[in-house]
Amino acid sequence: MKQKSLEKIRHSLAHVLALAVKNLYPKAKFGVGPIIENGFYYDIDLGKSLSIESLPKIETEMKKIIKQGLLFKKKELTLKEAKKLFKDLGQSYKVELLKDLEKYGTTDQNEILNIKSKSVKERKKIVIPKTVSVYQTGDFIDLCRGPHIKNTKELPLSFKLIKISGAYWRGKETNSMLQRITGIAFLKEVELKEYLNQIEEAEKRDHRKLGKELELFSFHDEGVGFPFFHPKGMILRNILEDYWKKEHQKSGYQEVKTPILLNKSLWLRSGHWDHYKENMYFTKIDNEDYAIKPMNCPGGMLIYKSSLHSYRDLPLKVGELGLVHRHELSGVLQGLFRVRCFTQDDAHIYMTPEQVKDEIKKVIDLTDKIYKKFGFSYHVELSTKPENSMGSDQIWQKATKSLKEALKEKKIDFIVNKGQGAFYGPKIDFHLKDCLGRTWQCGTIQLDFIMPEKFDLFYIDKQGKRKRPVMLHRTILGSIERFIGILIENYGGEFPLWLAPVQVAVIPIKEKNVSFAKKVFESVQEKDLRAELWSGEDTLSKKIKKAEEQKIPFVLVIGDKEEKSKKVAVRKRKKGDLGAMTITKFCDILLKEIKKQ
RNA sequence: GCCAAAGUAGUUCAGUGGUAGAACAUCCCCUUGGUAAGGGGAAGGUCGAGGGUUCAAUUCCCUCCUUUGGCUCCA
């Protein structure tokens, strides 16, 4: 109930926003103004772009409108009447929406795409509405399903316009760019403040900021979008990769490594040359065209082909931590979340058609297990056949069905993304949340009946005949880089002991304590714990401050007392002094904790 | 790629139409310290790059590069 009224308020605020903009810029043409998580936005064509400075002015105008107590007046019009009304008002975007409604019975782009793919007979079944509703508030009339509040006076002032940006009309790159004004709104002022605080807190966890502070990685103008991993980032990365390798070994995977640079004929054969070219990097060697791999599969298939396979060997699971390069648009790059070269924790599973569903379920299980280790929540999406694709409809349907069935049998809810699959097959994607609530695609399971065909892969069946295997591409972490970014934000840089690049800092108090501190440091290292000896001249307090800032889990303070008693004074991150104990006991506690994690 | 904002020392940031400053970090000296900054000194900047306006540009204008927030795309 509360949610309903909040949605009504946000939606009504979108209309107030539009009216405010109309008052300030009478020539404005309006796109759409839906509600979103925590607020609303309106896409508006002003014939020019706005800067962030204009937001307070619009916000003031909105508050003025709210105080005026304007009514939301609803009217039902026939499609024809509505089209005339918006045409007379000069609102061409609304007219375009009405035309879609008239033709397809919907304005949803996905739905329209779906309808377009249907047969003439099926198209006839579409229900076209006879009338549409419009809402008028002051001078602003909008094509809108509603519902709305009755009077602008009912609206709270606990809203804020927070963003202004460009947005393509109907999300299409080839359309004109409108101005998107985004606002957040809550029922109470306290809730608004709370949300703003939350954003501020989340910004402190930004992996780009922490990555610099904790000396994990960096980016340079000399290679835009290509991350540089520093020593501590490398430790984190290696731990993650070791864990990955261990889990995959346990699940029956083998590991391979394929070259980064391969020649044109391979990419022609795989279809990447025709379907993925704009994302690839190229070079010429001895006058022959080469491409840097944007995916690992073609290389993997050459390995498969290099020997004969029996049905007894299937399913064959081959993993590769493969470095791929993709020339992404400059505007989409974002720290480690979106880069131009990254390492996929890829694997290809070759199997008989009968094994497909079972193998998909096994991959889902492994994915779930690995995400749980880090305490991540995720949601699943299923993407179907895109426009630019290879293979027959029949094959696509079959592949999509197996993915759906596996998900259903695993009782996992999923969203369907029409037309978002890879060019060679449909896919399931796993999306993890970052600290700002944005979700990132990490794991993916892609079914592929096409590559085995292209590469003429086969296995020998019971009867000694050649048979075509089905292939499955999958990642769990997605990209090591992106996953590390999410890990950093998830833990706010306070890694659990097993992941912490430095687990223990050993701090001698005086110079004469250094030699004992060194012995402590060495015995901690001997237990395979990652330690650093801080024998510099700084004061104890200063070193402790630094250890806290570096978010090091444990600090060992070594002074005269410790040297005498042969014990170490233990300090835990964020907890403070834990008192003295023997080195053996300290190491045992840590090793136990690591094992538990 | 598109829309908007930003770019000053290794880092975080002040500042100005008359060629720049702080804090932290670095190096040196003093201090021998008991759980989140002991004191002093030195060094460090073609003010993102190129062009234009001007007697004079880090500051104003243009182009480009990079970063940030979105759009589109994606692991």
Side-chain angles (χ1 to χ4, degrees), chain A residues 41 43 46 48-55 162-182 203 206 208-209 212-213 215 218-222 224-225 278-279 294-295 322 324 326-346 383 420 422 427 429-432 436 438 440-444 446 473-483 485-486 507-513 537-549 555-562 569-572 574-579:
Chain A
Y41 69 77
D43 283 351
L46 294 161
K48 59 165 183 178
S49 41
L50 281 182
S51 74
I52 191 103
E53 277 88 41
S54 37
L55 288 184
I162 52 163
K163 258 180 236 167
I164 189 147
S165 61
Y168 296 114
W169 166 238
R170 314 198 85 180
K172 255 182 116 172
E173 227 174 342
T174 44
N175 285 343
S176 57
M177 185 159 269
L178 312 185
Q179 298 296 302
R180 174 168 298 178
I181 302 173
T182 308
E203 273 164 9
D206 190 313
R208 291 167 297 197
K209 187 170 166 288
K212 210 183 270 179
E213 285 171 8
E215 299 168 35
S218 61
F219 285 93
H220 303 272
D221 288 0
E222 288 81 353
V224 174
E278 65 278 15
N279 278 310
M295 294 184 194
V324 296
R326 298 184 184 174
H327 188 204
E328 304 285 354
L329 294 178
S330 61
V332 306
L333 301 177
Q334 206 184 87
L336 290 180
F337 286 166
R338 199 70 189 272
V339 289
R340 281 179 172 161
C341 81
F342 56 99
T343 306
Q344 288 185 308
D345 65 316
D346 216 341
S383 299
Q420 299 291 308
K427 58 179 185 173
D429 295 321
F430 294 81
H431 296 251
L432 298 182
L436 285 167
R438 294 173 295 203
W440 292 93
Q441 186 180 325
C442 290
T444 178
Q446 311 182 345
H473 312 245
R474 45 111 288 183
T475 65
I476 289 177
L477 308 177
S479 102
I480 302 290
E481 290 75 5
R482 178 179 285 181
F483 200 80
I486 296 173
I507 304 180
I509 295 176
K510 296 179 207 164
E511 213 178 315
K512 63 173 178 161
N513 302 128
E537 284 196 34
D538 288 325
T539 56
L540 174 63
S541 311
K542 200 165 182 179
K543 286 177 186 171
I544 284 179
K545 179 171 186 280
K546 199 175 148 199
E548 287 287 348
E549 280 168 353
V555 166
L556 296 181
V557 176
I558 310 297
D560 292 343
K561 269 192 274 176
E562 288 70 28
V570 181
R571 186 186 212 282
K572 196 172 178 178
K574 287 179 100 178
K575 290 263 165 19
D577 198 350
L578 296 186

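Every chain is numbered from 1 and lettered A, B, ... according to where its sequence line falls, protein lines coming before strand lines. All values derive from a computational prediction rather than experimental measurement.
At B:rA25, one or more side-chain N or O atoms of A:Lys542 fall inside 4.0 Å of OP1 or OP2 (strictly under the cut-off). Proximity of A:Lys163 to the phosphate of B:rG70: a side-chain N or O atom is located under 4.0 Å from OP1 or OP2. In this model, the phosphate group of B:rC71 is not approached by any side-chain N or O of A:Gln179 to a distance below 4.0 Å at OP1 or OP2. Contact annotation: A:Arg208 side-chain N/O to B:rU68 OP1/OP2 distance is under 4.0 Å. When the side-chain nitrogen and oxygen atoms of A:Ser165 are compared with OP1 and OP2 of B:rG69, none of them lie within a distance under 4.0 Å. Phosphate contact (OP1/OP2 of B:rA36, side-chain N/O of A:Lys574, threshold under 4.0 Å): absent.
Applying side-chain contact (heavy atoms from CB on, under 4.5 Å) to A:Trp440 and the options A:Phe483, A:Phe430, A:Phe337 leaves one that passes, A:Phe337.
Residue-level contact check: A:Ser51 touches the backbone only, with heavy atoms under 4.0 Å from sugar-phosphate atoms and none from bases. Residue-level contact check: A:Val224 touches the backbone only, with heavy atoms under 4.0 Å from sugar-phosphate atoms and none from bases. Using a 4.0 Å heavy-atom distance criterion, A:Asp221 is classed as a sugar-phosphate-only contact.
The closest side-chain donor-acceptor pair between A:Thr444 and A:Asp429 falls under 3.5 angstrom.
Atom-to-atom distance recorded for A:Asp345:CG and A:Ile476:CD1 is 6.5 Å, nearest 0.5 angstrom. Here the straight-line distance linking atom CD1 of A:Ile544 with atom CG of A:Asp538 works out to 12.0 Å at 0.5 Å rounding. Rounding to the nearest 0.5 angstrom, the gap separating the CZ atom in A:Arg482 from the CD atom in A:Gln441 is 6.5 Å.
In this structure, A:Arg338 atom CZ and B:rU67 atom C1' are separated by 17 Å, rounded to whole Å. The distance between atom NZ of A:Lys572 and atom C1' of B:rU35, rounded to the nearest whole Å, is 16 Å.
Here the separation of B:rU12 from B:rU67, taken at their C1' atoms, is 16 Å to the nearest Å. Comparing the same atom, P, in B:rU68 and in B:rA37 gives a spacing of 33 Å after rounding to whole Å. Look at the P atom in both B:rU8 and B:rG45: the space between them is 15 Å, to the nearest Å. Taking the P atom of each, B:rC30 and B:rU19 are spaced 39 Å apart, rounded to whole Å. Nucleotides B:rG18 and B:rA57, compared at atom P, are 11 Å apart to the nearest Å.
Residue A:Tyr168 places no side-chain atom within donor-acceptor reach of the base of B:rG70, judged by atom type and a 3.5 Å distance cut-off alone. Between the side chain of A:Arg326 and the base of B:rC74, no donor-acceptor pair of N or O atoms lies under 3.5 Å. One donor-acceptor pair, N or O on each side, does fall under 3.5 Å between the base of B:rC74 and the side chain of A:Arg482.
With a 6.0 Å radius and a threshold of 12 heavy atoms from other residues, nucleotides or ligands, A:Glu278 has its CD atom above the threshold.
When each of A:His220 and A:Leu329 is assigned the nucleotide of RNA chain B bearing its nearest heavy atom, the one mapping closer to the 5' terminus is A:Leu329. In terms of position along RNA chain B, the nucleotide closest to A:Glu173 lies nearer the 5' end than the nucleotide closest to the other residue of the pair A:Thr444 and A:Glu173.
Each of B:rC71, B:rA75, B:rU12 was ranked by its minimum atom distance to the side chain of A:Lys212; first place goes to B:rU12. Set against B:rA4, B:rG70, B:rC73, the side chain of A:Val332 has B:rC73 as its closest nucleotide.
A stacked arrangement is assigned to A:Phe342 and the six-membered base ring of B:rA75, with a centre-to-centre distance below 5.5 Å and an interplanar angle below 30°.
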Output the pairing pattern of RNA chain B as a dot-bracket string, 5' first, Watson-Crick or G-U wobble with both distances under 3.5 Å, | for cross-strand pairs, [ ] for crossing pairs. (((((((..((((....[..)))).(((((.......))))).....(((((..]....))))))))))))....
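The main-chain N or O of A:Leu333 is never found under 3.5 Å from a side-chain atom of A:Arg340 such that the two would form a donor-acceptor pair. In this structure, the side chain of A:Arg326 engages the main chain of A:Pro294 through a donor-acceptor pair within 3.5 Å. Side-chain atoms of A:Glu562 come within 3.5 Å of backbone N or O of A:Gly559 as a donor-acceptor pair. For the pair A:Glu328 (side chain) and A:Val339 (backbone), a donor-acceptor distance under 3.5 Å is absent.
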Do any N or O atoms of the protein come closer than 3.5 Å to N or O atoms of nucleotides 27-34 of chain B, and which pairs are they?
unit_1: B:rU31; atom_1: O4; unit_2: A:Glu537; atom_2: OE1; d: 3.0
unit_1: B:rU32; atom_1: O4; unit_2: A:Glu511; atom_2: OE1; d: 3.4
unit_1: B:rG33; atom_1: N7; unit_2: A:Ile509; atom_2: O; d: 2.9
unit_1: B:rG33; atom_1: O6; unit_2: A:Glu511; atom_2: N; d: 3.4
unit_1: B:rG34; atom_1: O6; unit_2: A:Asp560; atom_2: N; d: 3.0
unit_1: B:rG34; atom_1: O6; unit_2: A:Lys561; atom_2: N; d: 3.0
unit_1: B:rG34; atom_1: N1; unit_2: A:Glu562; atom_2: OE1; d: 2.8
unit_1: B:rG34; atom_1: N1; unit_2: A:Glu562; atom_2: OE2; d: 3.4
unit_1: B:rG34; atom_1: N2; unit_2: A:Glu562; atom_2: OE1; d: 3.2
unit_1: B:rG34; atom_1: N2; unit_2: A:Glu562; atom_2: OE2; d: 2.5

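Across all their heavy atoms, A:Leu578 and A:Lys572 have their closest contact at CD1-CB, 3.9 Å.
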